[in-house]
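A, B, ... follow the sequence lines: proteins, then strands. Residue 1 opens every chain. When reading the values below, keep in mind they use all heavy atoms of this one structure, side chains included, and skip hydrogens, waters and symmetry mates.
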There are 4 protein chains.
Amino acid sequence: MSDETVDEQIMTAVSDALQSNGYAALTMQDIADESEKSKSLLHYHYDTKEDLLVAFLDQLLTDYEQRIACRSDQPPEQRIVDFVARFVLTPEDDDRAAFHLALLEMRSQGPFNDRIREQLHRSDQLLRETAGDIIADGIEAGVFETVNSERTAALLIAALDGARTRQITLGDANTIALDGMELTYTRATVEEILSQILEPILAEECSLPSLEATLAELDREA
Amino acid sequence: MSDETVDEQIMTAVSDALQSNGYAALTMQDIADESEKSKSLLHYHYDTKEDLLVAFLDQLLTDYEQRIACRSDQPPEQRIVDFVARFVLTPEDDDRAAFHLALLEMRSQGPFNDRIREQLHRSDQLLRETAGDIIADGIEAGVFETVNSERTAALLIAALDGARTRQITLGDANTIALDGMELTYTRATVEEILSQILEPILAEECSLPSLEATLAELDREA
Amino acid sequence: MSDETVDEQIMTAVSDALQSNGYAALTMQDIADESEKSKSLLHYHYDTKEDLLVAFLDQLLTDYEQRIACRSDQPPEQRIVDFVARFVLTPEDDDRAAFHLALLEMRSQGPFNDRIREQLHRSDQLLRETAGDIIADGIEAGVFETVNSERTAALLIAALDGARTRQITLGDANTIALDGMELTYTRATVEEILSQILEPILAEECSLPSLEATLAELDREA
Amino acid sequence: MSDETVDEQIMTAVSDALQSNGYAALTMQDIADESEKSKSLLHYHYDTKEDLLVAFLDQLLTDYEQRIACRSDQPPEQRIVDFVARFVLTPEDDDRAAFHLALLEMRSQGPFNDRIREQLHRSDQLLRETAGDIIADGIEAGVFETVNSERTAALLIAALDGARTRQITLGDANTIALDGMELTYTRATVEEILSQILEPILAEECSLPSLEATLAELDREA
DNA sequence: AATGAATGAGTTTTCATTCAT
DNA sequence: CATGAATGAAAACTCATTCAT
C-alpha cells in the first residue's frame with residue numbers, strides 16, 4: 001500500500017471514486033476522499049479535473065492493452081478462446097464490473113471530448129486488430145476455414161462488448177439459463193460465440209480448447 | 001410545432017439538450033435554453049431534475065418499445081430481419097446516434113439510480129422477449145431449425161447493441177470494409193448476423209428477405 | 001435606500017467594498033457583504049468579476065464625465081476656476097478620497113486589461129478636451145493671452161491629477177503651509193495653479209473669480 | 001548575473017513579476033517563476049508575501065532616493081533641470097514605465113497597509129525636500145527670485161508625478177504635439193514646467209541649462 | 001401557467017504557507 | 001540553502017431549487 005507512488009495512489013483513488021459515484025457525479029472531493037490526500041494535491045499533480053481523468057483513462061487503457069496482448073505464444077485456437085474468455089464477468093467480479101462501468105461512462109463522453117475520443121480510438125483499434133490477427137493466424141495455420149477475418153472479428157467484438165455492457169448496466173440479475181444453470185450475460189454470450197461463430201469455422205479435425213479450463217487458467221494468472 | 005403540449009415541448013428540449021451537452025454536463029439551464037421556456041417552468045412541471053430525466057427516459061423507452069413491437073403481422077423471417085435492420089445507423093442518422101448516445105449515458109447511470117435501473121430493466125426485458133419470440137415463432141412455423149431461442153436472441157442483441165455502442169462512441173470513421181464498400185459498424189454487424197447466425201439456422205428451402213429492401217421499407221415508414 | 005434598483009445597489013456595494021478593501025484585495029464576497037445580497041446574485045447580474053468591475057468603472061466614469069461637463073453657461077474665467085476647484089479635496093471628503101483611490105487602483109490595471117484601458121482613455125480624452133476648450137474659449141473671448149491651449153491644459157491636468165494622487169495615497173497629513181494655514185495638497189496646488197499658471201496669462205484688465213467663492217458654490221450644488 | 005546575491009536575485013524577480021502581472025494579480029509562484037528558484041526559497045528568506053513586498057518597496061525607494069540625491073555638486077539651475085528631467089519617460093523606457101506602474105499600484109495600497117504607507121511617506125518627504133532645497137538654494141544664490149520654495153516645489157512635483165501617472169496608465173499613445181513633434185506626456189510637461197514655472201522665476205541675466213543636453217547627460221550616466 | 005430574481009450548497013481552482021528531506 | 005510535496009483556507013463560479021409576482 002504505502003509503497004505505491006503518489007501517482008498510483010491517485011489513480012487508485014480515481015478508480016475507487018468512479019466506482020462509488022459514477023462519472024457524471026464525480027467530484028474532485030470524491031477523489032480526494034478516496035485517497036488520503038487533499039484536493040489541492042490532486043491539482044498539484046494534475047492541473048485540471050479533465051487532465052486527471054484523461055490521465056486515468058490513459059493508464060486504464062494501457063493496462064487493458066497489455067492484458068489483451070499477452071499469451072501470444074499460444075496456438076491460434078487457444079488464443080481466440082483466451083481472447084473471448086477475458087470478457088467473461090462472474091457475479092463476484094465486482095471490481096471489474098465497476099471498472100467497465102466507469103469505462104463505459106467515459107466512452108460515452110468521447111463525442112464531447114477530443115482527448116478522450118483519441119484514447120478510445122487507439123484502444124479500439126488494438127482490440128479489433130488483435131482479434132483479427134488471431135483469426136488470420138488461425139486461417140494461415142489451417143485451424144480455421146477461410147473467412148473474412150476482419151469482419152468475423154468485428155462481429156465477435158460487437159457481441160462481447162455488447163454483452164458486457166448489458167451485464168454491467170442491467171446487473172447480474174440479468175442472467176441466461178443454460179441446461180439448468182444460470183449464466184451471466186457475458187458467460188452465455190461467450191458460449192454462444194464459441195458454438196455458433198467459432199466452431200462452425202473450425203477446419204476438420206480441429207477443436208477448440210475448453211472454455212472452462214481457459215477461464216480457470218486466466219483466474220490463476222490474476 | 002406550436003400545437004405541441006408543454007410537456008412535449010419540454011421532452012423535445014431535454015432531448016436536444018442531451019444531444020448538445022451529454023448527460024454528465026446537462027443542466028436545467030441547458031434544457032430551458034433549448035425550449036423557449038424558463039428554468040422555473042421546468043420545475044413547475046417536474047419537481048426535481050431527476051424527476052424530469054426519469055420522465056424523459058420513460059417516454060424514450062416507451063416510444064422505443066412501440067417501434068419494436070410494430071409490424072407483428074409479418075411472417076417470422078421478415079420480422080427478424082426487420083428487428084435487426086432497425087439497429088442499422090447510417091452516417092446520416094445524426095439524431096438517432098445522438099439519441100442512442102444519450103441513452104447510453106443514462107444506461108450507465110443505472111447502477112447508481114434505482115428509478116433509472118427499473119426502466120432500463122423493463123425495456124431490456126421487452127427487447128429480449130421480442131427477439132426470442134420471433135425466433136420461437138419461426139421455429140414453430142418451421143422457418144428456423146430448432147435452436148435455443150432465448151440464447152440465440154441474447155447473442156443477437158449483444159452483437160447489435162455492442163455494434164451500436166461502438167459506432168456511436170467511436171464515430172462513423174470506424175467502418176468495416178465489405179466487397180470494396182465501407183459499411184458502418186452497425187450495418188456490417190447486421191450483415192454478419194444474417195449470414196453467420198440466422199442463415200445457418202434457416203430450415204431447408206427457406207430464405208431471408210433482403211436487408212436492402214427491408215431498410216428501404218423502414219426508411220419509408222419513418 | 002430601498003427604492004434603488006438592484007443594479008444601483010450592486011454598484012454602491014462595489015464602491016463600498018473597494019473603499020474598505022482596495023482593488024487588489026477585493027473579492028466577490030466582500031461586495032456581497034456590502035450589499036445585502038448573495039454572491040450568486042452578483043453572478044446572476046454579471047457573468048464574471050471582471051464584467052462587474054468594468055460595469056462599475058463605466059458608471060463611475062460616466063458620472064464623472066457628467067460632472068465635468070456642467071456649468072458650461074458661465075464665462076471662461078469662471079469655468080476654468082470651476083474646473084480646477086473641482087479637484088480640491090478637503091480632509092472631510094472621505095468618500096471622494098476613497099472614490100479616487102479606487103479609481104487610481106483601477107487606473108493602474110489599465111495596462112493589464114484592455115476593457116479597463118479603453119474606458120480610461122475615453123474619460124481622459126474628455127478631461128483634456130474640456131480644459132483645452134475652456135482655455136481656447138478664453139483666448140477667443142480675449143480673457144486669456146494667446147497660449148497653446150492644449151499644452152497649458154496638459155500641464156494643468158498633470159498638476160491637478162498629481163496633487164490628488166499624492167493627497168489620497170499619502171493621506172491628509174501631507175499638507176502644505178500657506179500664510180500660517182495648513183492646506184491639503186489639492187487645495188494648495190489649485191492655489192498655485194491659479195497664481196502661477198492662470199493669472200500670468202490673463203489679459204489686461206481681466207481677473208479670475210475667487211476660489212473661495214467658487215468652492216462654496218460647488219459645495220452648495222452637491 | 002550569477003554573482004548576484006540571492007536577495008538581489010529575488011528582488012529582480014519581484015520586479016520582473018510585477019511588470020508582467022501587476023501588483024493585484026501577483027502571486028508567489030509568479031515571482032518564483034521569474035527567479036530560477038522555488039517558492040519555498042522565497043519563504044525561507046521572507047516569512048510572508050507582505051514581508052517580501054515591503055522589502056522590495058524599501059529597496060526600490062532607497063535606490064530611487066539615491067538617484068535623486070546625486071549630482072548635488074552642481075549649481076542650483078542645473079540641479080533643478082536635472083531634477084525635472086529625471087521624470088521624462090521616453091516610449092523606449094519600457095522597464096522604467098513598468099517600474100513606475102508597479103510603484104503606482106503599491107502607492108495605492110498605502111491607505112490599506114501601514115508598513116507600505118510609512119515607506120511612501122519617507123520617500124515623498126525626501127522628494128519634496130529635495131525640490132524645495134534646490135529652489136531655496138537657487139534663491140539664496142540669486143538664481144531665482146524670491147518665491148515660496150516649498151509651494152513651488154509642491155506644484156512642480158504634483159505636475160511631474162501626475163504627468164508620469166497619466167503616461168504610464170494611459171500608454172504612450174497619449175502624446176502632446178509641440179511644434180510638429182509628438183512628445184510624451186512627461187516630456188511635454190517638463191517643457192511646460194521649464195517655460196511656465198521655472199523660467200518666470202529666474203533672476204535677470206540667468207538662464208536654465210538646456211533640457212536636451214541634460215537628458216543626454218542623464219542617459220550617459222545610466 | 002409562467003417567469004425573473006434570488007439563494008445556499010457545492011464545484012473547480014488558486015494560493016500563501018508549511019514541512020520533510 | 002534549497003526544494004518538491006502537501007495542505008487549508010478561500011477564491012470565482014455553477015446550479016438545482018425556491019419564491020414573489
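Taking CG from Leu41(D) and OH from Tyr46(D), the interatomic distance works out to 10.0 Å, rounded to the nearest 0.5 Å.
Place Ser38(A) and Ala25(B) on DNA chain F by their nearest nucleotides, and Ser38(A) ends up nearer the 5' end. Residues Gln29(B) and Met28(C) each lie close to DNA chain F; by heavy-atom proximity, the contact nearer the 5' end of the strand is made by Met28(C). Residues Leu41(B) and Leu41(C) each lie close to DNA chain E; by heavy-atom proximity, the contact nearer the 5' end of the strand is made by Leu41(B).
Residue Ile31(D) contributes atom CD1, which lies 11 Å from atom P of dT17(E) at whole-angstrom precision. Taking atom CG of Leu42(A) as the reference point, atom C1' of dT14(E) lies 14 Å away to the nearest angstrom. With rounding to whole Å, Gln9(C) atom CD is found 13 Å from dA5(E) atom P. One can place CD of Glu50(A) at 13 Å from P of dT12(E), the figure rounded to the nearest angstrom. In this structure, CG of Asp51(A) is placed 13 Å from C1' of dT12(E), rounded to the nearest angstrom. In this structure, Leu52(B) places its CG atom 13 Å from C1' of dT17(F), rounding to the nearest Å. Separating the NZ atom of Lys49(B) from the C1' atom of dT18(F) is a distance of 17 Å, rounded to the nearest angstrom. Straight-line distance from the CG atom of Asp33(A) to the C1' atom of dT7(F): 14 Å, rounded to whole Å.
A 3.5 Å limit on both hydrogen-bonding distances identifies dT14(E) as the Watson-Crick or G-U partner of dA9(F). Checking dA1(E) for Watson-Crick or G-U wobble geometry (two distances, each under 3.5 Å) identifies no partner in any strand. Under the Watson-Crick or G-U wobble criterion, with both distances below 3.5 Å, dT21(E) is paired with dA2(F).
In terms of phosphate contacts, Lys39(C) brings no side-chain nitrogen or oxygen within less than 4.0 Å of OP1 or OP2 of dT7(E). For the OP1/OP2 pair of dA1(E) and a distance below 4.0 Å, the side-chain nitrogens and oxygens of Tyr44(B) include at least one atom meeting the criterion. Distances shorter than 4.0 Å separate none of the side-chain N or O atoms of Ser40(C) from OP1 or OP2 on dT7(E). A close approach under 4.0 Å does occur between a side-chain nitrogen or oxygen of His45(C) and OP1 or OP2 of dA6(E).
Electrostatic pairing of Asp58(D) and Arg122(D) counts as a salt bridge here, judged by a charged N lying under 4.0 Å from a carboxylate O.
Within 4.0 Å of Leu26(B), counting heavy atoms only, lie sugar-phosphate atoms of the nucleic acid but no base atom. Residue Thr27(B) is in sugar-phosphate contact alone, with no base atom involved, counting any heavy-atom pair closer than 4.0 Å across all strands shown.
Taking the six-membered ring where tryptophan is involved, the planes of Tyr64(B) and His100(B) are perpendicular, since the angle between them exceeds 60° and thus also 30°.
With hydrogens and angles left out, the side-chain atoms of Gln9(C) and Glu36(C) include no donor and acceptor closer than 3.5 Å.
In terms of heavy-atom proximity, Thr169(B) sits nearest to Pro111(A) at O-CD, 4.2 Å.
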